[in-house]
Protein chains: 2
Amino acid sequence: MTRLTRTFAALSDDTRFALVDKLIRRGELSAGTLAAETEISAPAISRHLRVLREAGVITQRAQGTHRYYAANADALRAIHGWTMDHRAFWSGSLDRLDTLIALDPEGDDR
Amino acid sequence: MTRLTRTFAALSDDTRFALVDKLIRRGELSAGTLAAETEISAPAISRHLRVLREAGVITQRAQGTHRYYAANADALRAIHGWTMDHRAFWSGSLDRLDTLIALDPEGDDR
DNA sequence: CCGTTAATTAACATTTGCGTTAAAAAAGGA
DNA sequence: TCCTTTTTTAACGCAAATGTTAATTAACGG
C-alpha cells in the first residue's frame, strides 16, 4: 500500500473517521475519553487508534497511564495535496469539464 | 457507511486507486483497456470498477459491448471539501517533503 | 505491598475483501 | 445461424478486518 491509500484505508471505517473528526475539532483527547463517547468496547477503540497511528493519521503522547491522541495535520495536507494535484480535472463549471473530456477523446478502444 | 467513508474505502486499494488515477489523467477508458494495463485478471478489474462505481467515484457508459468508465469529479470535490472544512486545523505550517516522508514509518513507498 | 484505574494485548468467532478460473450474457460480423 | 469479442457474474479459497470477553501491563495512591 502506498502512503496515500493507507491514509484512505485508515479513514474508510466510520468509527475511525469519527475518532479523527473528534480529534480535529476538539484537539488532544485520551483513549478513555474517546472510548467513553463511543458505542463499541474500549479494546476495539484501542485497536482503531493503533490503525490510525500506524497510518500516520494521528499521533500518541503518553502521560502516566494515559495515552493522549491528536490528529496529524500532515495526513490532512497529504489528502488536500492529492486533490489539488488533480484540480484541473474537477474544478470549474460543468461546461468546462465537458470541454476537457471532449478535448481528450481517449474513447476509442485498443 | 457515510458517503465520504465509502469514497475513502473505494480509494483504499492500490489497484482501484491506480484505476481512478488513470481515468483522471487520461479521461474515459474502456474496461478492456484498463484491464489490459493491469496485472490482475479482467474479472478482478471488473469488480474493482463496480466497487468504484457503487461508491460514486467513477461513472459508466455503455456503447455496444464496451463499457466506458470515467472519473467522477464530484467525488474529488467531496474529498477536497472535507479537507477545506478542516483547513483551520492543518493550514498552519505548510511544511516540506521530509514531513510527508515521515508519515510512512516503514518507508514502503511503491 | 495492595488495590484501583487506564490502556493494551490475547484469543476467538464472524464477516468482508480480493484473487482465481469457468460460465454466462450481449453485441457484431461473416 | 454460428463464431468471436467484450464484459460481467458465479463459485470457490484464503487472508485480513472487526467485534467480543478475558487477561496482562503499567502507573498511581493509601
Side-chain angles (χ1 to χ4, degrees), chain A residues 1-23 26 28-70 106-110, chain B residues 1-2 5-23 28-70 105-106 108 110:
Chain A
M1 258 191 179
T2 66
R3 185 179 54 75
L4 196 52
T5 54
R6 207 170 151 93
T7 300
F8 286 145
L11 295 171
S12 70
D13 177 89
D14 282 329
T15 300
R16 285 196 297 270
F17 185 86
L19 289 171
V20 173
D21 205 65
K22 279 180 197 287
L23 293 173
R26 297 160 57 187
E28 198 179 56
L29 292 171
S30 71
T33 300
L34 291 166
E37 297 181 2
T38 314
E39 294 293 321
I40 63 179
S41 66
I45 294 298
S46 180
R47 199 154 55 180
H48 279 306
L49 290 170
R50 176 177 203 157
V51 170
L52 288 167
R53 184 168 52 78
E54 287 178 351
V57 176
I58 63 175
T59 59
Q60 188 197 55
R61 180 177 70 85
Q63 184 176 317
T65 59
H66 293 77
R67 297 292 180 278
Y68 290 99
Y69 291 90
E106 199 74 36
D108 55 3
D109 193 22
R110 44 182 144 80
Chain B
M1 258 190 181
T2 66
T5 54
R6 203 173 168 80
T7 300
F8 286 146
L11 295 171
S12 70
D13 177 88
D14 282 330
T15 300
R16 285 196 296 268
F17 186 85
L19 289 171
V20 173
D21 204 65
K22 278 181 198 286
L23 293 173
E28 198 178 57
L29 293 170
S30 72
T33 299
L34 291 166
E37 297 180 3
T38 314
E39 293 295 318
I40 63 179
S41 67
I45 294 296
S46 180
R47 203 158 53 180
H48 279 306
L49 290 170
R50 179 180 199 153
V51 170
L52 288 167
R53 184 169 52 77
E54 287 179 349
V57 175
I58 63 175
T59 59
Q60 187 197 55
R61 180 176 69 86
Q63 184 175 313
T65 59
H66 294 77
R67 297 291 181 279
Y68 291 99
Y69 291 91
E106 280 147 29
D108 54 49
R110 45 179 180 270

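These numbers come from the heavy atoms of this one structure, side chains and all, not from hydrogens, waters or symmetry mates. Numbers restart at 1 for each chain; the letters A, B, ... are given by sequence-line order, proteins then strands. Everything numeric here is computed off the predicted structure, so don't read it as measured data.
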Sequence neighbours excluded, which residues qualify as side chain to side chain contact (heavy atoms under 4.5 Å, CB included) partners of B:Thr5? A:Asp14, A:Phe17, B:Met1, B:Thr2
Nearest-angstrom distance from the residue atom CG of A:Leu34 to P of C:dA6: 14 Å
Without decimals, in angstroms, what is the distance between A:Leu29 CG and C:dA6 C1'? 15 Å
Interface with DNA chain C, restricted to residues 39-47 of chain B and to heavy atoms under 4.0 Å: B:Ile40, B:Ser41, B:Pro43, B:Ala44, B:Arg47
Is there a donor-acceptor pair closer than 3.5 Å between any side-chain N or O of B:Arg16 and the backbone N or O of B:Ala10? yes
Walking DNA chain D from its 5' end, the first of B:Arg50 and A:Ala9 to be reached, judged by nearest nucleotide, is B:Arg50
With sequence neighbours left out, what residues match A:Gln63 under side chain to side chain contact (heavy atoms under 4.5 Å, CB included)? A:Arg61, A:Tyr68
Validation row: A:Ile40, A:His48 side chains within 4.5 angstrom (heavy atoms): yes
In whole Å, what is the span from the NE2 atom of B:His66 to the C1' atom of C:dA26? 13 Å
Given C:dG19, C:dA7, D:dT8, the nucleotide with the shortest approach to the side chain of B:His48: C:dG19
Within this structure, what is the CG-to-P distance between B:Asp13 and C:dG19, rounded to whole angstrom? 6 Å
Quickly work out the A:Arg6 CZ to D:dA16 C1' distance and round it to whole Å. 14 Å
Does C:dA6 have OP1 or OP2 sitting under 4.0 Å from an N or O in the side chain of A:Tyr69? no
List the atom pairs, with distances to 0.1 Å, where a side-chain N or O of residues 31-38 of chain A and a protein N or O form a donor-acceptor pair under 3.5 Å, not counting sequence neighbours.
| unit_1 | atom_1 | unit_2 | atom_2 | d |
| --- | --- | --- | --- | --- |
| A:Thr33 | OG1 | A:Ser30 | OG | 2.9 |
| A:Glu37 | OE1 | A:Lys22 | NZ | 2.8 |
| A:Glu37 | OE1 | A:Arg26 | NH1 | 2.8 |
| A:Glu37 | OE2 | A:Arg26 | NH1 | 3.3 |
| A:Glu37 | OE2 | A:Arg26 | NH2 | 2.8 |
| A:Thr38 | OG1 | A:Leu34 | O | 2.8 |

Taken in chain and number order and not counting sequence neighbours, the residues that satisfy side chain to side chain contact (heavy atoms under 4.5 Å, CB included) with A:Val20 are A:Leu11, A:Ile24, A:Leu52, A:Val57, A:Ile58
B:Arg16 side-chain N/O to C:dC18 phosphate OP1/OP2 under 4.0 Å: yes
List in chain and number order the residues that pass side chain to side chain contact (heavy atoms under 4.5 Å, CB included) with B:Ser41, two or more places apart in sequence or in another chain; answer none if no residue qualifies. B:Pro43, B:Ala44
Whole angstrom is fine here: how far is it from CZ in A:Arg61 over to P in C:dT8? 14 Å
State which residues pass side-chain hydrogen bond (donor to acceptor under 3.5 Å, both in side chains) with B:Arg50; sequence neighbours excluded, sorted by chain then number. B:Glu54
Within this structure, what is the CG-to-P distance between A:Leu19 and C:dA7, rounded to whole angstrom? 13 Å
Gap between atoms OH and P, on A:Tyr68 and C:dT8 respectively (whole Å): 12 Å
Checking A:Tyr69 now: which residues fulfil ring pair (Phe, Tyr, Trp, His ring centres under 6.0 Å) with it, not counting sequence neighbours? none
Which pairs, protein N/O on one side and nucleotides 25-30 of chain D N/O on the other, fall under 3.5 Å?
none

